[in-house]
Amino acid sequence: MSRISRLPSSLLRTAACTGVAALALTACGSGSGSDTANAGSGGVKVGLITKTDTNPFFVKMKEGAEKAAEENGVELSTAAGKFDGDNAGQVTAIENMVAAGVKGILITPSDSKAIVPAIEKAKAKGVLVIALDTPTEPESAVDALFATDNVKAGELIGEYAKAAMKGKPAKIATLDLAPGVSVGVQRHNGFLKGFGIEEGDPSVVCSQDTGGDQAKGQTAMENCLQKSPDINVVYTINEPAALGAYTALKAKGREKDVLIVSVDGGCTGTQAVKDGKISATSQQYPLKMAAEGVKAVATYAKDGKKASGYTDTGVTLITDKAQDGVTSKDTAYGLENCWG
């Protein structure tokens, strides 16, 4: 999906070419202005910076921002890191957007701590900065946060897994994100809380990092099965990791007797729930995060009112095998509201 920028073409080319080594910005060619919408001197400018431009979650986030920009009459420019974790790329994007005169920046931080100095510099120049999906550390480094309650998302699938086990002793594998990444930590801790256990509980027999990647999820599951062949519950940071785990389990003939729970609610993952590959997932809503963020910047530009604090953009447990005492919706609802 090509990137669409709503900055005036002359400014866009300057910003994009400055950061071309680190960013996936709109191309620097003379035709970059042809995709510009709502452009015009003096218009309110909003920047969106995502972790990558390939993950379906961020593709949907950009779609939400584009639509909201049109509805609110603002100019949108977008940028992304070359990979998840590209803090330098995001820093360059912030600098370019501030130089281009944006009124506000929406960002999904790749490194919640390392990005803070760049955010503080932007704020010092009067730019409203809103984090989407991933909080900064500290959370107060930005003016506001629009995101899923990732602890709640983890709790929902933990509660579901506990109920689905119906008292049977659990042998749990956790396929996590990466050390210190707030989203991964929150989902992991939420799952443990929902399942009614704490870190270090002996029922967790294996923990591996996957980076949220399907191939790494498969390798992690293979490693866990070598360590503990009797695993019967698998928590995964996201649905790609869950599908990797499913592949590894299927290779061992275990795909039907291991409960897999996950977080995200993408269309591929929700379909996997419908197909029985994943038992349940917590669905989040990236389009809403971005749309609310753009509206907040438009409001700030109009009357100077700054968005502040945390806005929960919602999470829903999706499964076709509902459990007593755990609120959920089926995959028909999930597929109507999925992304990707």
Side-chain angles (χ1 to χ4, degrees), residues 22 24 49-58 61 80-91 93 107-116 118-119 131-139 141-142 145 147-155 157-158 172-193 198-200 204-225 227 231 234-248 260-266 269 278 281-282 284 286 289 315:
I49 305 169
T50 53
K51 295 179 183 179
T52 72
D53 60 1
T54 55
N55 186 312
F57 185 88
F58 300 123
M61 184 175 281
K82 296 170 69 174
F83 54 89
D84 195 335
D86 182 13
N87 181 69
Q90 291 197 323
V91 168
I107 184 168
T108 60
S110 283
D111 188 316
S112 297
K113 292 181 179 179
I115 198 66
V116 168
I119 289 173
L132 305 180
D133 179 55
T134 305
T136 52
E137 295 183 35
E139 189 175 309
V142 290
L145 169 66
T148 306
D149 183 338
N150 280 294
V151 174
K152 182 178 179 181
E155 281 187 60
I157 56 171
I172 302 169
T174 69
L175 303 192
D176 298 302
L177 185 57
V181 180
S182 58
V183 169
V185 172
Q186 289 166 358
R187 293 181 185 182
H188 174 97
N189 291 345
F191 169 79
L192 296 182
K193 181 179 178 181
E198 297 180 352
E199 195 68 50
V204 179
V205 296
C206 185
S207 294
Q208 296 267 307
D209 291 329
T210 68
D213 179 79
Q214 184 163 340
K216 292 178 180 178
Q218 180 176 342
T219 299
M221 191 72 248
E222 290 168 350
N223 292 340
C224 283
L225 287 171
K227 180 180 178 182
I231 287 168
V234 179
Y235 153 83
T236 66
I237 178 62
N238 65 4
E239 292 148 2
L243 289 171
Y246 175 83
T247 300
I260 302 176
V261 293
S262 194
V263 178
D264 264 353
I278 303 173
T281 192
S282 287
Q284 52 183 342
M289 296 176 196
V315 62

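Note that this is a predicted model, so its numbers are computed, not measured.
Here the closest non-hydrogen pair linking Q90 and I107 is OE1-CD1, 4.0 Å. Of all non-hydrogen atoms in T281 and D264, the two that sit nearest each other are OG1-N, 3.6 Å. Contact between A147 and L145 at its shortest, heavy atoms only, is CB-CD1, 3.7 Å. Taking each heavy atom of D53 and A80 in turn, the nearest pair found is N-CB, 3.6 Å. Taking every heavy atom of both residues into account, G269 and I278 meet most closely at O-CD1, 4.1 Å. In terms of heavy atoms, L132 sits closest to M289 at CD2-O, 3.5 Å.
Distance check: D84 CG to T54 OG1 gives 9.0 Å after rounding to the nearest 0.5 Å. To the nearest 0.5 Å, atoms OG1 (T219) and CD (Q214) are separated by 11.0 Å. Atoms CD1 and CZ, on I237 and F191 in that order, are 12.0 Å from each other to the nearest 0.5 Å.
At distances below 3.5 Å, not a single donor-acceptor pair connects side-chain atoms of N150 with backbone N or O atoms of V183. The backbone N or O of G265 sits less than 3.5 Å from a side-chain atom of E239, completing a donor-acceptor pair. When atom types are taken as modelled, the side chain of S262 and the backbone of N238 share a donor-acceptor pair closer than 3.5 angstrom. Not a single donor-acceptor pair under 3.5 Å links the side chain of T210 to the backbone N or O of L177. Formation of a donor-acceptor pair under 3.5 Å by the K227 side chain with backbone atoms of V205 is found in this model. Using modelled atom types, one side-chain atom of S112 and one backbone atom of P135 make a donor-acceptor pair closer than 3.5 Å. Looking only at distances, no side-chain donor or acceptor of S282 sits under 3.5 Å from a matching main-chain atom of V263.
Between Q186 and the options V181, T148, V151, D149, a side chain to side chain contact (heavy atoms under 4.5 Å, CB included) holds for only V151.
In this structure, K51 and T134 have side chains that are in contact, with non-hydrogen atoms separated by less than 4.5 Å. Using a 4.5 Å heavy-atom cutoff, the side chains of D133 and Q284 are in contact. For the pair N189/E199, a side-chain contact is recorded, criterion being any heavy-atom separation below 4.5 Å from C-beta on.
Not a single side-chain hydrogen bond (donor to acceptor under 3.5 Å, both in side chains) links T247 to another residue, sequence neighbours left out.
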